[in-house]
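Below is one structure, written out as C-alpha cells; comments come after it.
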Amino acid sequence: QSIVHCKKRAELFERVCQTAIEDGGFSLAMITQCSPAKDDIEITHIAGDNSGFCDWITEQKKLSPELIPRTGVMQTIYQRQNIVINDYLHEMLTTPFHQVAKNANIGAAGYYLIREGDNIFGVMALYASEAGFFTEQVQATLEEIAGDVCFALDNLNRDQQLIDSERLFHNLATFVRVGIFRLNPQGKLVYINEFGTSLLQIRPNASTEYWLKKIVPADYQQLQQIGR
C-alpha cells in the first residue's frame with residue numbers, strides 16, 4: 001500500500017522495482033515506457049542483477065530493431081493484456097532471447113500493463129530464475145500491484161493538475177488588473193489580490209462590515225444576507 005502514497009513518479013517506480021526484488025523473490029524487475037507506434041522500448045527503472053540482459057535489449061534497438069516487437073513488453077502492449085511466460089528458455093516467442101536470458105539466469109517472466117487514465121503508459125516486467133515461478137497466486141498478487149501502480153499514477157496526475165491550477169490562479173490573480181476576491185460561506189473575506197487591495201484600499205484581514213461598504217450597493221445587500 002505504500003506505493004499508493006508516493007509523491008513522485010520516480011519514487012513510485014523505484015519502490016515497485018525494489019520491492020519486487022527484496023520481498024517478491026524476483027531476480028530482475030523493470031519499468032518500461034513504451035511507444036507502440038514506433039515499436040520502441042524505454043527502460044526507465046531497473047532493480048536486481050540483469051547480467052547484461054537489459055543492456056542487450058537496448059542494443060538491439062539499433063542493431064536488430066526487428067526483434068523489439070517480439071519482446072514480452074511489446075507483445076503485452078500489442079495484445080493490451082498481461083502476459084506470463086513460465087518457461088522462458090523454451091518458449092518459441094522468446095527464441096531470439098534464449099541465450100542472453102540463460103546468461104542472466106532467467107527462467108520465467110511476467111509482463112503487466114501500467115495504465116495512465118485511459119491510456120497505456122508502459123509495462124512492469126518481472127523476471128525469475130525459476131521456471132514456473134508465476135503461480136496463479138503470484139499472478140493474482142501482481143495484478144493487484146499493477147492496479148495499485150495505476151491508481152498511484154492517477155493520484156500523482158490529480159495532484160499535479162491541482163498544483164498547475166493553483167499556479168495558474170496565482171499568476172492570474174497577481175498580474176490581471178481586476179479585483180479578485182474569495183469569500184467563505186459566511187461572507188467573510190478570506191482572499192483579495194494585490195490589485196483588489198489597491199482598488200478598495202483594504203487588507204485581507206478587514207472585517208466583513210468594513211469591506212462590504214467598499215463594493216457596489218446591489219452586491220452589498222446580497223452579501224449582507226449571506227453573512228447573516
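Since this is a predicted model, take the numbers as computed values, not measurements.
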**Asked** Which distance, rounded to the nearest 0.5 Å, do you find between the CD of Glu144 and the CD of Gln139?
**Response** 14.0 Å
**Item:** Test log, rule side chain to side chain contact (heavy atoms under 4.5 Å, CB included), inputs Phe53 and Ile106
**Value:** CA-CA 9 Å; Phe53 181 77; Ile106 291 175; 3.8 Å; yes
**Side-chain donor or acceptor of Thr94 paired with backbone N/O of Tyr88 under 3.5 Å** = yes
**Prompt:** CG of Leu12 to CG of Asn155: how many Å apart, nearest 0.5 Å?
**Reply:** 10.0 Å
**Asked** Is the backbone of Gly107 close enough, under 3.5 Å, to the side chain of Ser129 for a donor and an acceptor to pair up by distance?
**Response** no
**Message:** Could you check whether atom NZ of Lys102 has more than 12 heavy atoms from other residues, nucleotides or ligands sitting under 6.0 Å from it?
**Reply:** no
**Prompt:** With a 4.5 Å heavy-atom cut-off, do Gln33 and Phe121 have their side chains touching?
**Reply:** yes
**Request:** Output, in order, the C-alpha distance, side-chain angles, deciding distance and verdict of ring pair (Phe, Tyr, Trp, His ring centres under 6.0 Å) for Phe134 and Tyr127.
**Result:** CA-CA 9 Å; Phe134 292 83; Tyr127 301 86; 8.6 Å; no
**Prompt:** Of all heavy-atom pairs between Ala29 and Ile21, which one has the smallest distance, and what is that distance?
**Reply:** N-CD1, 3.8 Å
**Prompt:** Taking everything shown except His98 itself, do over 12 heavy atoms lie less than 6.0 Å from its NE2?
**Reply:** yes
**Message:** Measuring from atom CE of Met74 to atom CD1 of Ile83, what distance do you get when rounded to the nearest 0.5 angstrom?
**Reply:** 11.0 Å
**Request:** Indicate yes or no: at least one non-hydrogen side-chain atom of Leu153 is less than 4.5 angstrom from one of Phe13.
**Result:** yes
**Prompt:** In Å and rounded to the nearest 0.5 Å, what is the NZ to CD1 distance from Lys62 to Ile68?
**Reply:** 12.0 Å
**Prompt:** For the atom pair CE (Met92) and CD1 (Ile85), what is the distance rounded to the nearest 0.5 Å?
**Reply:** 12.5 Å
**Asked** Tell me, do Phe26 and Thr19 make a side-chain contact under 4.5 Å, heavy atoms counted?
**Response** no
**Message:** Once you measure the plane-to-plane angle for Phe97 and Trp56, does it fall in the parallel (<30°), tilted (30-60°) or perpendicular (>60°) bin?
**Reply:** perpendicular
**Request:** Would you confirm whether Asp87, through its side chain, and Gly132, through its main-chain N or O, come within 3.5 Å as a donor-acceptor pair?
**Result:** no
**Request:** Find out whether Tyr112 and Val123 are in side-chain contact, i.e. whether some heavy atom of one side chain is under 4.5 Å from a heavy atom of the other.
**Result:** no
**Request:** Using a 4.5 Å cut-off on heavy atoms from C-beta on, say whether the side chain of Ile77 contacts that of Leu113.
**Result:** yes
**side-chain contact (heavy atoms from CB on, under 4.5 Å), paired with Met124, selected from Thr32, Thr76, Val16** = Val16
**Prompt:** With a 4.5 Å heavy-atom cut-off, do Cys54 and Leu28 have their side chains touching?
**Reply:** yes
**Request:** Output yes when a side-chain donor or acceptor of Asn86 lies under 3.5 Å from a complementary backbone atom of Phe133, and no otherwise.
**Result:** yes
**Over 12 foreign heavy atoms within 6.0 Å of CD, Glu136** = no
**Flag, side chain of Ser64 to backbone of Leu67, donor-acceptor distance under 3.5 Å** = no
**Check: Gly117 main-chain N/O paired with Asp154 side-chain donor or acceptor under 3.5 Å** = yes
**Request:** Would you check if Gln60 and Arg70 make a side-chain contact, meaning some heavy-atom pair closer than 4.5 Å?
**Result:** no
**Item:** Arg115 side chain reached by Phe151 side chain, heavy atoms, under 4.5 Å
**Value:** no
**Request:** Drop me the distance from Ile31's CD1 to Cys17's SG, to the nearest 0.5 angstrom.
**Result:** 4.5 Å
